[in-house]
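What follows is a short report on a single structure.
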Amino acid sequence: MTPAIAEALTAEERVYQETVRQLQKTYAKKIKPLEQAYCFEGFHSAPLTPQDIGSKPMVLLLGQYSTGKTTFVEYLLGESYPGAHVGIEPTTDRFVAIMSGPEPKVIPGHAAAVSGELPFSGLTKFGTKFLSRFQVAQLNNPLLQNLTLIDTPGILSGSKQIQRGYDFTAVINWFADRSDLILLLFDGFKLDISDELKGAIQSLRGHEDKVRIVLNKCDQVDQQQLMRVYGAMMWSLGKVIPTPEVNRVYLGSFWPRYKSPVGTVYEDNAELIASEQRDLLRDLRSIPKNAALRRVNEIVKRARQARVHAHIIGHLRSELPALFGKDKKAKAMVDDLPAEFRRIQTRYNLAPGDFPNPDAFKNDLEAFKIVDFNKLSLKLIANADEALSADFPKLMQQFPSGSRPSAEIQESSEAGVAVTLPPPYSAMSMAAASSSVGARNPFGEDTNSLSPGVLRYRAVFDEISDPQRRMLSGEAARRVLLESASVLGNDLLREVWSVADWDERGELDKVQFEVAMRLCEHLKNKEPMDAAKQQVFGELGLLSKFSQ
Ligand SMILES: Nc1ncnc2c1ncn2[C@@H]1O[C@H](COP(=O)(O)OP(=O)(O)OP(=O)(O)O)[C@@H](O)[C@H]1O
């Protein structure tokens with residue numbers, strides 16, 4: 001690694017360390033007790049350990065075999081890591097977490113997963129077969145003071161693919177969840193995108209903002225070939241990464257200094273490659289700062305969920321009669337959870353976007369008896385409220401003004417915890433939404449007819465929709481519409497729904513959600529429905545839908 005990277009990372013690292021320390025403290029004192037009192041673990045996930053919150057920012061490397069992942073790690077480190085294998089044949093047959101340690105050491109997967117010092121306890125759920133294909137490689141390298149790198153087994157093409165004995169895609173997803181940057185490496189000299197790689201890429205849904213594509217070995221082809229390879233790669237990726245934005249691609253050839261390149265090296269791309277590599281390093285430098293923001297964002301999101309969860313559980317418990325008819329009442333409530341959720345939402349003025357899916361919640365509830373739950377503790381709730389309205393926003397102040405607070409933070413700092421709008425409606429989300437719209441439309445609509453900035457509600461949609469299916473359920477959409485446009489009354493909202501759900505699926509995709517929300521805006525300005533419809537479909541370039 002060049003000293004310049006190490007230096008820049010160190011400054012960012014201090015902010016990261018301090019943020020993490022305060023997050024750990026606030027979480028342990030004000031959020032974890034709430035989670036524990038209301039069995040949050042049974043419905044969401046186990047309480048976070050200090051290691052979970054404080055783990056170093058992670059960079060995940062993914063790609064077909066021999067695309068140069070291990071060599072890329074060596075390029076960043078400026079040295080090889082213990083247990084690294086580089087070769088033209090498939091070499092890395094395991095997941096390797098490359099981490100900081102006092103001396104070069106390999107920790108086998110089973111030991112790493114039970115170590116309280118390492119953030120890998122969650123990997124035990126993938127079983128013994130996986131753990132024997134996982135290891136931690138420690139070494140004393142300045143880059144690793146700030147980052148953990150995850151080298152992954154190369155993905156083989158087509159029929160060569162071997163049975164792994166564990167769920168490769170689920171493991172990728174686990175690491176992707178915890179990563180701050182995901183580098184997808186392709187070989188510019190031998191482009192290949194196998195089905196398993198496509199599956200792995202598809203499992204990165206919801207993490208598109210972290211994905212960067214690296215077209216490696218670019219000096220092995222001439223300029224004309226490079227253009228063709230680049231085009232072919234983007235074409236193939238367009239089919240598997242369904243985002244409207246074009247992913248950032250870095251063209252490069254990442255060799256450590258101590259190795260001299262072999263084979264044909266074309267000089268005509270040298271300048272381009274050099275400047276692309278500089279850009280990628282800049283991206284890597286910003287990881288600790290972004291990671292600190294991401295950690296705060298994640299904890300705030302979790303705290304909001306835990307608060308809503310406590311209200312739900314406390315409400316269900318309190319509604320049970322003191323003496324007779326407990327079972328009957330419990331059954332009635334469980335049978336109509338959406339109605340209970342609405343009641344709780346109105347009573348405590350909670351954001352609908354923080355509520356869980358009622359069906360999933362009902363499933364999880366089967367493992368419990370409502371009568372065994374604790375009643376609502378105002379003290380625990382007040383602690384969580386304080387964390388959301390004071391501690392987390394204060395934490396954000398230490399970031400330079402250029403850093404963007406998340407929607408959740410914005411919401412809790414501006415409006416305290418008694419928010420009436422779901423977090424995505426913050427001005428920040430809207431701005432972010434309109435600034436990041438690209439040219440490709442994954443919704444089956446006519447791409448060219450959508451003008452830039454058209455999907456103003458996309459951040460809202462991204463936060464509350466099903467991340468796998470990219471659809472918003474009827475129930476969730478109804479809650480948002482009621483929340484943001486209840487003044488329109490049920491009849492108008494019903495009409496809005498039937499306009500937006502034009503294909504009568506009972507759920508909305510991103511464009512349909514945009515239509516619904518924009519219609520509400522116009523209707524709130526007292527425009528007649530027909531005029532509002534024409535206006536909205538016109539704005540979105542969907543007039544063909546209007547005439548249907
Ligand atoms: N920038 C580059 N230009 C040309 N050849 C490269 C480059 N980087 C790596 N190589 C060569 O490509 C081969 C594969 O490299 P490496 O083992 O790092 O890939 P990998 O993606 O980690 O492979 P696997 O998935 O099998 O572990 C090696 O022979 C290596 O020397």
Side-chain angles (χ1 to χ4, degrees), residues 1-2 59-98 106 109 133-137 149-158 160-162 164 166 168-169 171-172 175 182-201 212-223 225-226 229-230 233 249-281 284:
M1 189 187 61
T2 63
V59 178
L60 175 66
L61 289 125
L62 267 181
Q64 300 280 132
Y65 81 95
S66 281
T67 45
K69 296 181 291 301
T70 307
T71 310
F72 182 85
V73 172
E74 293 181 350
Y75 165 83
L76 291 177
L77 298 176
E79 61 181 316
S80 185
Y81 65 81
H85 295 290
V86 171
I88 46 169
E89 76 288 4
T91 44
T92 311
D93 63 346
R94 57 195 62 215
F95 284 78
V96 187
I98 303 135
V106 170
R133 291 262 165 257
F134 170 62
Q135 70 191 33
V136 172
L149 303 167
I150 310 289
D151 195 1
T152 57
I155 297 170
L156 302 189
S157 32
K160 283 190 240 152
Q161 190 54 63
I162 24 102
R164 295 190 189 272
Y166 61 87
F168 180 76
T169 311
V171 174
I172 292 291
F175 279 108
I182 302 168
L183 296 179
L184 264 180
L185 272 83
F186 293 93
D187 185 338
F189 187 60
K190 189 169 61 68
L191 188 66
D192 186 10
I193 305 185
S194 69
D195 287 348
E196 194 181 28
L197 181 60
K198 281 187 192 150
I201 295 175
R212 306 284 181 276
I213 291 153
V214 179
L215 188 56
N216 199 12
K217 309 191 188 180
C218 283
D219 60 350
Q220 303 287 302
V221 292
D222 66 25
Q223 216 165 52
Q225 286 166 323
L226 183 61
V229 170
Y230 180 83
M233 182 185 74
V249 178
Y250 295 101
L251 308 170
S253 182
F254 298 92
W255 290 93
R257 280 209 196 113
Y258 59 86
K259 281 190 178 173
S260 53
V262 290
T264 327
V265 178
Y266 289 89
E267 285 297 330
D268 45 353
N269 299 320
E271 219 173 286
L272 172 72
I273 290 176
S275 78
E276 287 284 289
Q277 292 193 180
R278 274 197 300 277
D279 281 3
L280 176 57
L281 295 182
L284 284 168

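One is the number of the first residue; the rest follow in order along the sequence. Counting starts at 1 for both ligands and their atoms, following the listed order.
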Point to revise | Side chain Q225, main chain D222, donor-acceptor under 3.5 Å | key: yes
**Study point:** Flag, side chain of Q223 to backbone of N269, donor-acceptor distance under 3.5 Å
**Key:** no
Review point. Would you say the ring centroid of F168 lies under 6.0 angstrom from that of F95?
Key: yes
Review point. Any donor-acceptor pair under 3.5 Å linking the side chain of D187 with the backbone of K190?
Key: yes
Check your understanding: If you measure from atom 16 (P) of ligand 1 to every heavy atom of T71, I273, L61, which option wins on shortest distance?
Key -> T71
Check your understanding: Taking heavy atoms and a distance under 4.0 Å, where does F189 meet ligand 1: side chain, backbone, both or neither?
Key -> neither
Revision key, fill the gap. Per-atom filter on ligand 1: closer than 4.0 angstrom to a heavy atom of K69 are 18 (O), 19 (O), 20 (P), 21 (O), 22 (O), 25 (O)
Practice item. Decide whether an N or O pair under 3.5 Å exists between Y65 and ligand 1. Key: no
Review point. How about F186 and N216: do any of their side-chain heavy atoms sit closer than 4.5 Å?
Key: no
Revision key, fill the gap. Per-atom filter on ligand 1: closer than 4.0 angstrom to a heavy atom of G154 are 25 (O)
Check your understanding: Is a donor on one side and an acceptor on the other found under 3.5 Å between the side chain of T152 and the backbone of L61?
Key -> yes
Check your understanding: In terms of ring plane angle, is the pair F254 and F72 parallel, tilted or perpendicular, where the classes change at 30° and 60°?
Key -> perpendicular
Exercise for review: Go through ligand 1 atom by atom and flag the ones less than 4.0 Å from a non-hydrogen atom of S253.
Suggested key: 1 (N), 2 (C), 3 (N)
Point to revise | Which of the ligand 1 atoms, numbered from 1, are nearer than 4.0 Å to a heavy atom of F254 | key: 1 (N)
Check your understanding: So, is D219 polar-close to ligand 1, with some N/O to N/O distance under 3.5 Å?
Key -> no
Revision key, fill the gap. With heavy atoms and a 4.0 Å threshold, my read on which part of L185 contacts ligand 1 is neither
Practice item. Before signing off on this row, confirm whether P153 and ligand 1 have an N or O atom pair separated by under 3.5 Å. Key: no
Point to revise | Residue Y250 excluded, over 12 heavy atoms near OH under 6.0 Å | key: yes
Review point. Just which atoms of ligand 1 are under 4.0 Å from any heavy atom in N216?
Key: 1 (N)
Point to revise | Test of proximity, K217 against ligand 1: N or O pairs below 3.5 Å | key: yes
